[in-house]
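Throughout, protein chains are lettered first and strands after them, A, B, ... in sequence-line order, and every chain is numbered starting at 1.
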2 protein chains.
Amino acid sequence: MVNPEIAPAFRCRDDDHAACVVNAVTTAERVCKERGVRFTPLRRRVLELVWSGHRPAKAYQLLEQLKLEHAGSAPPTVYRALDFLVDNGFVHRLESLNAFIGCGDAGEKHGGQFLICRECGRVAELDDPELKQLLARKAQAVGFTGESSTIEVEGLCARCAG
Amino acid sequence: MVNPEIAPAFRCRDDDHAACVVNAVTTAERVCKERGVRFTPLRRRVLELVWSGHRPAKAYQLLEQLKLEHAGSAPPTVYRALDFLVDNGFVHRLESLNAFIGCGDAGEKHGGQFLICRECGRVAELDDPELKQLLARKAQAVGFTGESSTIEVEGLCARCAG
DNA sequence: TTCCTGTTTGTTATACTGTAACGATGGTCA
DNA sequence: TGACCATCGTTACAGTATAACAAACAGGAA
Ligand SMILES: [Zn+2]
Ligand SMILES: [Zn+2]
Ligand SMILES: [Zn+2]
Ligand SMILES: [Zn+2]
């Protein structure tokens with residue numbers, strides 16, 4: 001096998017991650033302005049919290065953080081913000097984990113393919129057109145028209161595989 | 001496009017579905033005997049209930065059924081049976097629905113690819129090696145070793161697409 | 001400005017999904 | 001028989017998500 005590239009999410013050091021957060025927030029701000037939707041302080045804050053690592057964020061963990069900053073926070077507070085972020089393609093929901101992860105390629109609404117390391121918990125996103133096409137083709141072969149797909153792989157990232 | 005085959009799950013008529021259930025139970029019975037694990041009445045009954053349609057079964061719906069037949073049923077009753085059935089490859093869990101579906105190709109433990117019709121609710125299973133290989137290859141290309149995967153597609157079956 | 005309107009947020013309550021813990025039961029085998 | 005292990009019954013609770021309605025707020029019309 002050729003020397004593989006390593007996905008950014010698996011390369012990013014936990015102690016040098018601020019740029020990822022800033023980039024995500026800046027992009028979201030721009031896209032929201034373009035779309036004429038409101039990037040409120042709450043939504044911004046939840047996006048920052050989701051992006052606080054390349055690891056899945058659980059809704060009730062986010063809620064705990066929000067409560068520290070604003071006592072009135074409750075489940076709908078975080079779920080509504082997450083709904084907004086997911087609908088606008090800034091965050092993806094990981095179905096196999098009941099968790100959320102920042103989208104590395106925000107701006108376009110899309111479903112990616114997620115690589116979830118069972119050792120370190122980091123998650124990388126692919127957005128591979130070949131995969132989408134093959135899946136669509138295989139579905140069509142049995143008469144099924146796919147509209148959206150959930151693809152999540154559990155395994156080991158390069159660093160954890162040693 | 002060539003005339004597509006239609007997946008059995010989408011062809012099966014609701015009023016002529018008994019054979020599917022019998023087949024699933026018979027297979028499970030045989031496989032359990034081969035493996036030396038116990039196919040208890042409870043497990044058999046839950047498998048029948050899961051197979052009562054080609055539609056996803058929710059755990060608490062199954063529980064309601066069980067309660068009608070045995071008052072002592074509680075969440076662990078159904079979840080333990082489902083765990084057994086999933087572990088042995090007789091049933092799959094659909095992550096995007098929090099639901100369960102009978103495996104059309106039981107006996108070998110495997111992860112399939114699931115086609116979920118958003119109109120009629122039926123679910124068909126693929127088990128396509130090309131898809132698995134391509135996904136594994138794409139993951140390897142970024143240094144990730146996949147071990148198990150969740151692939152679920154929402155869309156329209158041939159009948160519902162009209 | 002004031003009013004109107006639609007969106008966002010606060011608040012309470014509840015529904016849905018899943019597991020921990022421990023004792024009772026029931027096969028299997030020495 | 002008794003010891004052992006898997007299964008099941010039972011209670012309690014943890015974790016995930018939404019319904020419903022009121023309050024606050026932004027943006028535009030009068
Ligand atoms: Zn980063
Ligand atoms: Zn890792
Ligand atoms: Zn059938
Ligand atoms: Zn259909």
Integer-rounded Å distance: [N] [atom2] and [X] [atom1]:
X	N	atom1	atom2	answer
B:Tyr79	C:dA21	OH	P	18 Å
A:Leu94	D:dT16	CG	P	13 Å
A:Glu64	D:dG15	CD	P	10 Å
B:Leu66	D:dT7	CG	P	17 Å
A:Leu62	D:dG15	CG	C1'	14 Å
B:Leu97	C:dT17	CG	P	11 Å
A:Phe39	D:dA26	CZ	P	17 Å
B:Gln61	C:dC16	CD	P	10 Å

Compare the minimum distances between each of [options] and the side chain of [X], then state the nucleotide with the smallest one.
X	options	value
B:Arg43	D:dG9, D:dC8, D:dT16	D:dC8
B:Pro76	C:dT17, D:dT11, C:dT11	D:dT11
B:Asn98	D:dT10, C:dG10, C:dG18	C:dG18
B:Leu42	D:dA26, D:dC8, D:dT10	D:dC8

Completion exercise
Assign each of B:Arg38 and B:Lys58 the nucleotide of DNA chain C bearing its closest heavy atom; nearer the 5' end lies the nucleotide of B:Lys58

Exercise for the section: Could you tell me how the ring of B:Phe10 sits relative to the ring of A:Phe144: parallel (under 30°), tilted (30 to 60°) or perpendicular (over 60°)? Expected result: parallel

Practice task
Have a look at B:Arg80 and say if it touches a base, only the backbone sugar-phosphate, or nothing, with a 4.0 Å heavy-atom cut-off.
Solution key: base

Practice task
Please check the phosphate of C:dT9 (OP1 and OP2 only) for any side-chain N or O of A:His70 closer than 4.0 Å.
Solution key: no

Practice task
Could you tell me whether the phosphate oxygens of C:dT9, OP1 or OP2, come under 4.0 Å of any side-chain nitrogen or oxygen in A:Arg45?
Solution key: no

Problem - Sidechain-backbone polar pair: A:Lys132 side chain, A:Gly112 backbone, donor-acceptor under 3.5 Å - result: no

Practice task
For residues B:Phe100 and B:His92, establish whether the separation of their ring centroids is below 6.0 Å.
Solution key: no

Handout entry: B:Val37 vs B:Ser73, nearer the 5' end of DNA chain D by closest nucleotide
Key = B:Val37

Exercise for the section: Assess the side chains of A:Ser96 and B:Glu95: does a donor N or O sit below 3.5 Å from an acceptor N or O? Expected result: no

Problem - B:Glu125 side chain to B:His110 side chain, donor-acceptor N/O pair below 3.5 angstrom - result: yes

Practice task
Identify whether a stacking contact exists between B:Tyr60 and C:dT17, where the ring centres must be under 5.5 Å apart and the planes under 30° apart.
Solution key: yes

